[in-house]
Amino acid sequence: MKLSPRSIGLIAAITTVLIWTSFIVIARASASHNLLPLDIGFLRILGASTVLLPWGWWLMRGPRQTGTATCSFLGLSPLPWRITAATGLFGGLLYAVLAYSGFFYAPALHASVLLPGSLPLWTSLLAMVILKDPISKNRAIGLACIVVGDVLVGGASLLKAFEGGEVWKGDVLFMSAAMCWGMYSVLVRRQGLNAIHATMAITAFACVTFVPIYGVSAWMGWIPSHLATAPLSELWFQAMFQGVGSVAISGITFNMMIRHYGPVRSTMITALVPGLSALGALAVLGEPMQLNVLAGLALVTCGILFGVRKA
């Protein structure tokens, strides 16, 4: 049965929001199991590579493909090596390592605010500097709400750092991860890249550079790793969800959602992620909702919605 464009857009939107929401809850839950942050990042790349790299290889060698001279990284990336390295460093490697490391210090409620919530802030600021993209009045008000919301969440944990608390480390890592993804988004926009090709490129970069170095280092015992001792079921789950789900499937569905709803409405749809992931942290992980986190969550959500309003 052939689905209508409206049905395809709706399915893509629901899938994207569910995966983005589950990413925060599952990544925080994974911190209490066996694997270390770099282990999860390693499995994320392996899982994504099993789907995206054969697909990219087939596209580059298909009968209708032209311009294959732009391939790089052993022919696995459909983009030139400079663009692949730049986008892969920020969107494929640093984002994953920083985000997963943050969940080992800070709760999922903080990630709900600081990861998807601060992404529009960093993207707008980086676009203003790199692309000379002006910030409208409405967007400036929305970004101000996001800044206040981030301060309410991150500032409280920073004050407790003087008492020996470590939650602030996770908050800083979340903000840094959001900044890296914002840089990746700006680079994609600056180069006019196809979203699926860009996703293939960042996977190829991480697979060629990070995977062999980390795999050998973990096997030789040069760096801490629990890959050898973790249950096979946990390894399989992380590779499938973090790699196939969070990278491959959500990358495709997000692109389909933008094609159907446009960037503004898509941003409004993804504004559901902070609130839904916070509810997931409450229901699944049993994390307590503090007043400053609730206020920060409300401000960040309002900031995202206000920032995409038409002038």
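Side-chain atoms are counted along with the backbone in the values below, which use heavy atoms only and exclude waters and symmetry mates.
- In the hydrophobic clustering of ILVMFWY residues, with side-chain heavy atoms under 4.5 Å counting as a link, L285 and L297 come out apart.
- S101 is listed as a side-chain neighbour of V97, based on a closest heavy-atom distance under 4.5 Å.
- V300 has its side chain out of reach of C145: every pair of non-hydrogen atoms, C-beta onward, lies at least 4.5 Å apart.
- Under a hydrophobic-cluster definition in which Ile, Leu, Val, Met, Phe, Trp and Tyr are linked whenever side-chain heavy atoms come within less than 4.5 Å, directly or via other members, L187 and I130 are assigned to the same cluster.
- R139 contributes atom CZ, which lies 11.0 Å from atom CE of M128 (distance to the nearest 0.5 angstrom).
- In the hydrophobic clustering of this structure, L126 groups with L193; members are Ile, Leu, Val, Met, Phe, Trp, Tyr whose side-chain heavy atoms approach within less than 4.5 Å, directly or through other members.
- Inter-residue side-chain proximity for Y214 and S225 is flagged as met; some heavy-atom pair is nearer than 4.5 Å.
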Test log, rule ring pair (Phe, Tyr, Trp, His ring centres under 6.0 Å), inputs W81 and F205: CA-CA 9 Å; W81 75 269; F205 172 82; over 10 Å; no
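- Between F42 and the options L46, L38, I40, a side chain to side chain contact (heavy atoms under 4.5 Å, CB included) holds for only L46.
- Residues I135 and V148 do not share a hydrophobic cluster, defined by chaining ILVMFWY side chains whose heavy atoms lie under 4.5 Å apart.
- Ring-plane geometry between Y184 and W181 is classed as tilted, the angle between the planes lying from 30 to 60 degrees on a 0 to 90 degree scale.
- Shown here for I24 and P116, the closest heavy-atom pair between the two residues is CD1-CD, 4.0 Å.
- Nearest heavy atom pair, residue A206 against residue I45, reads CB-CD1, 3.5 Å.
- A search for side-chain contact (heavy atoms from CB on, under 4.5 Å) contacts involving V284 returns V25, not counting sequence neighbours.
- In this structure, the side chain of S77 does not engage the main chain of F73 through any donor-acceptor pair within 3.5 Å.
- Residue pairs meeting the ring-ring contact (aromatic ring centres under 6.0 Å, His included) criterion with at least one partner in residues 115-142, sequence neighbours excluded, are absent.
- Put simply, the side chain of N34 does not reach to within 4.5 Å of the side chain of T229, judged on heavy atoms.
- Side-chain heavy atoms closer than 4.5 Å link hydrophobic residues (I, L, V, M, F, W, Y) into clusters, and following such links, even through other members, never connects V216 to I213.
- Between Y105 and W168, the ring center distance fails the sub-6.0 Å criterion.
- Put simply, the side chain of S277 never gets that close to the backbone of S112: no donor and acceptor are under 3.5 Å apart.
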Derivation and outcome, side chain to side chain contact (heavy atoms under 4.5 Å, CB included), residues S30 and L35: CA-CA 7 Å; S30 300; L35 297 172; over 6 Å; no
Intermediate values then yes/no, side chain to side chain contact (heavy atoms under 4.5 Å, CB included), I269 and F254: CA-CA 11 Å; I269 293 172; F254 180 70; over 6 Å; no
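- Atom CD1 in I202 sits 7.0 Å away from atom OG1 in T87 (nearest 0.5 Å).
- Contact record, V17 with L276: CG1-CD1, 3.6 Å, taken as the closest heavy-atom pair.
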Stepwise side chain to side chain contact (heavy atoms under 4.5 Å, CB included) check, L119 with M179: CA-CA 7 Å; L119 180 58; M179 182 182 67; over 6 Å; no
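- No side-chain heavy atom of M200 sits less than 4.5 Å from a side-chain heavy atom of L53.
- Nearest heavy atoms, G117 versus I304: CA-CD1, 4.2 Å.
- Taking CG of L173 as the reference point, atom CG of L114 lies at 11.0 Å (rounded to 0.5 Å).
- Within the 3.5 Å criterion, the main-chain N or O of I19 finds no donor-acceptor partner in the side chain of S22.
- At a threshold of 4.5 Å between non-hydrogen side-chain atoms, the residues L43 and L227 count as touching.
- One distance of note links OG of S176 with OH of Y95; it measures 12.5 Å at 0.5 Å rounding.
- Side chain of T84 to backbone of L79: a donor-acceptor contact under 3.5 angstrom is found.
- Nearest heavy-atom pair across A106 and D171 is CB-OD1, 3.7 Å.
- No donor-acceptor pair closer than 3.5 Å links the side chain of D133 to the backbone N or O of A127.
- When side chains are defined from C-beta on, F23 counts as touching Q242, because their heavy atoms get closer than 4.5 Å.
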Verdict with supporting geometry, T253 and T15, side-chain hydrogen bond (donor to acceptor under 3.5 Å, both in side chains): CA-CA 7 Å; T253 56; T15 303; 5.6 Å; no
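- Side-chain contact between R44 and S246: present, with at least one pair of heavy atoms (C-beta onward) separated by less than 4.5 Å.
- Between V167 and P107 the shortest heavy-atom distance is CG1-CD, 3.9 Å.
- Distance NE2/H33 to CD1/I26: 10.5 Å, rounded to 0.5 Å.
- With hydrogens and angles ignored, the 3.5 Å screen pairs a side-chain donor or acceptor of T50 with a backbone N or O of G47.
- The closest donor-acceptor contact from the side chain of H226 to the backbone of L36 lies at 3.5 Å or more, if one exists at all.
- Atoms CG and CD, from D39 and E234 in turn, are 9.0 Å apart once rounded to the nearest 0.5 Å.
- Formation of a donor-acceptor pair under 3.5 Å by the S32 side chain with backbone atoms of A29 is found in this model.
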